[in-house]
Amino acid sequence: MPSPSGPAPSGRLPVCPDTGAAAGPQDGPARPDGYRAVFAVPEFRFVFAAHLLSSLGVVVCEIALSVLVFRLTASPLLSALTFALGLLPYVVGGTLLSAVADRYPARRVLVGCDVLCALAAAGMVVPGTPVVVLLVLRCVLAAIAPVFAGTRAATLGEILGEGELFVLGRSVIRIVNQSAQLAGFAAGGLLLVVVSPGAVLALTAGAFLGSALLLRLGTLARPARDGARGAERGALLAASLGGIRRLLADRRVRVLLLLTWLPPAFVVIPEALLVAYAGLLGVGPAGTGLLMCAMPVGAVVAESLVGTFLGPRARARLTFPMGVFAVLPSLGFAAQPSLGWAVVLLVLTGTGISYNFGVDRWFVAAVPDELLGQAMTVMQAGRMTVMGLAMGLAGVGAEYAPLRVVMPAAGVLGAVCVLAVIFEVRRTERGPAGADRACAGAVRGTDGPVPETGK
């Protein structure tokens, strides 16, 4: 068990973290170490290693399970359904189980989620498992994922402090997510060349168990965030739904949730149609793989550069422009670009991920402490759900309209919707003078004026 590491939580996160001496050590204007300061916290290194293991396990599991289902059924539909089931059940865990993230000790939740995922993956390995059971087990993994992600996100605030290190820590998690797509698909493909899908799924179960062990041994035991005990907590379902109602009753939280959900929803529309677009270009499997890799590459590069070279205020200023920019490159598909230009458009789309730096900071500042885990769970579940729905709608649209119409339409509609949400985010800024007033309140050691809510 490690000794306490990293800065202690510093209270509510100011909107503009680099404006005043009252900020904690991780919130000040000087940020010489960047990501190095995050990895200097021993406890975070364990969280990082666990996340890397489990992320690779999920990606490899998707590939192996898809291949296994296809071999058992020879059905492209059921094989593709294994990928869709990785997104849509998020809404179940993100609503019915969201209170778990705050009502139980975080380490217990994280380790328990990993163990359950390992058991689900192990169940897929059992010879003769019916296809319907395989798909149900995939749904179990997807339902657990938002609870795990929300709990981990809230725990980062306790490990790193709810300041500059928290924002950079969240950035590292996103970099791992994007990198795992690239490395996981490559590793999964290579593994399936030499071993059976069942063996790959067994490795997935091992990855989840390794993640659970790292979290158990490398993170501190902390009490539950909600502070309630026994009968005070009430039923889990009621607490989950009640917490969601409380979050959505706050106007500021609502619009920030929309800001985290909408750009990804429109970004995945062209991504969902890349296989069809590759067929239209006639580029073959190699060209298809290049198209699929382009967006994660752009995301990893942009996330790394922005987190390394820009300070908190500069990153906050990028939030709105990059949120809109993320959906604009898809307009270029109206010209039916060649493979090279399509890759450029997708890389540019991936750079839009950098808008999350500002949104993370604002969202944590707007959410009550006792609901932070649940709020992060809802954020993740909503994002994945709307992405899954958008992918399905993209496929439906492509059945009735050419790709050079459907893909750019995502850019047009996305720009309109994101701009509308940005307008609402600006309207809910704290105090009559907006963010500057909130920053002044943070310097005084207070939270500033209470944001306008629907409560």
Side-chain angles (χ1 to χ4, degrees), residues 1-2 42-72 79 82-83 85-87 89-90 93 100 106-131 133-152 155 172-173 175-219 296 380 384:
M1 184 72 61
E43 201 173 355
F44 178 80
R45 294 200 293 269
F46 280 89
V47 174
F48 168 79
H51 181 54
L52 183 60
L53 265 181
S54 59
S55 296
L56 288 172
V58 168
V59 176
V60 171
C61 175
E62 288 178 344
I63 300 171
L65 185 60
S66 179
V67 171
L68 178 60
V69 169
F70 184 76
R71 289 182 181 179
L72 292 174
S79 179
T82 62
F83 285 97
L85 290 176
L87 294 177
Y90 265 69
V100 169
R107 188 176 69 178
R108 188 187 306 172
V109 173
L110 294 175
V111 173
C113 286
D114 267 337
V115 170
L116 288 175
C117 288
L119 292 174
M124 299 175 186
V125 181
V126 177
T129 302
V131 172
V133 175
L134 293 174
L135 296 179
V136 169
L137 291 173
R138 182 67 189 96
C139 288
V140 170
L141 290 176
I144 292 172
V147 177
F148 182 92
T151 305
R152 182 188 56 219
T155 302
V172 170
I173 297 299
I175 291 173
V176 170
N177 290 338
Q178 297 297 324
S179 301
Q181 291 188 44
L182 300 172
F185 280 119
L190 291 174
L191 285 171
L192 288 171
V193 171
V194 295
V195 298
S196 68
V200 176
L201 290 170
L203 290 174
T204 297
F208 284 123
L209 288 177
S211 174
L213 186 62
L214 286 169
L215 292 169
R216 177 62 181 81
L217 298 178
T219 60
Q380 178 72 0
M384 300 303 287

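Remember, it's a predicted structure, so these values are computed and weren't measured experimentally.
Listed by chain and residue number, V109, I144, V147, F148 satisfy the side-chain contact (heavy atoms from CB on, under 4.5 Å) test with C113 (two or more places apart in sequence, or in another chain). Not counting sequence neighbours, the partners of A202 by the side-chain contact (heavy atoms from CB on, under 4.5 Å) test are V125. Annotation: side-chain contact (heavy atoms from CB on, under 4.5 Å) contacts of S55 (sequence neighbours excluded): H51, V176, N177, A180.
Interatomic distance, L119 CG to L141 CG, rounded to the nearest 0.5 Å: 10.5 Å. Atom OG of S54 sits about 12.0 Å away from atom CG of L209, to the nearest 0.5 Å. In this structure, L65 CG and F70 CZ are separated by 14.0 Å, a value rounded to the nearest 0.5 Å. Between atom CG of residue L201 and atom CD1 of residue I63 there is a gap of 11.0 Å, rounded to the nearest 0.5 Å. Atoms OG and CZ, from S66 and R71 in turn, are 11.0 Å apart once rounded to the nearest 0.5 Å. Between L53 atom CG and F48 atom CZ the span is 10.0 Å, to the nearest 0.5 Å.
Heavy atoms only, all atoms of each residue included: S211 and D114 are closest at OG-OD2, 2.5 Å. Residues A142 and P146 come closest through the heavy atom pair O-CD, 3.1 Å. Between A122 and A205, the shortest heavy-atom contact is N-CB, 4.0 Å. Taking each heavy atom of L215 and A50 in turn, the nearest pair found is CG-CB, 3.7 Å. Closest approach of A149 to Q380, counting heavy atoms only: CB-CG, 3.8 Å.
Atom CZ of R45 is surrounded by more than 12 heavy atoms from other residues, nucleotides or ligands within 6.0 Å.
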Inset, instruction - List the steps and the verdict of side-chain contact (heavy atoms from CB on, under 4.5 Å) for V133 and L137. - result: CA-CA 6 Å; V133 175; L137 291 173; 4.2 Å; yes

Inset, instruction - Take T219 and T155 through the side-chain contact (heavy atoms from CB on, under 4.5 Å) test and state the conclusion after the steps. - result: CA-CA 10 Å; T219 60; T155 302; over 6 Å; no

Inset, instruction - Just do the side-chain contact (heavy atoms from CB on, under 4.5 Å) check on L203 and V60 with the steps written out, would you? - result: CA-CA 9 Å; L203 290 174; V60 171; over 6 Å; no

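Partner of T129 under the side chain to side chain contact (heavy atoms under 4.5 Å, CB included) criterion, out of L68, V136, L134: L134 alone.
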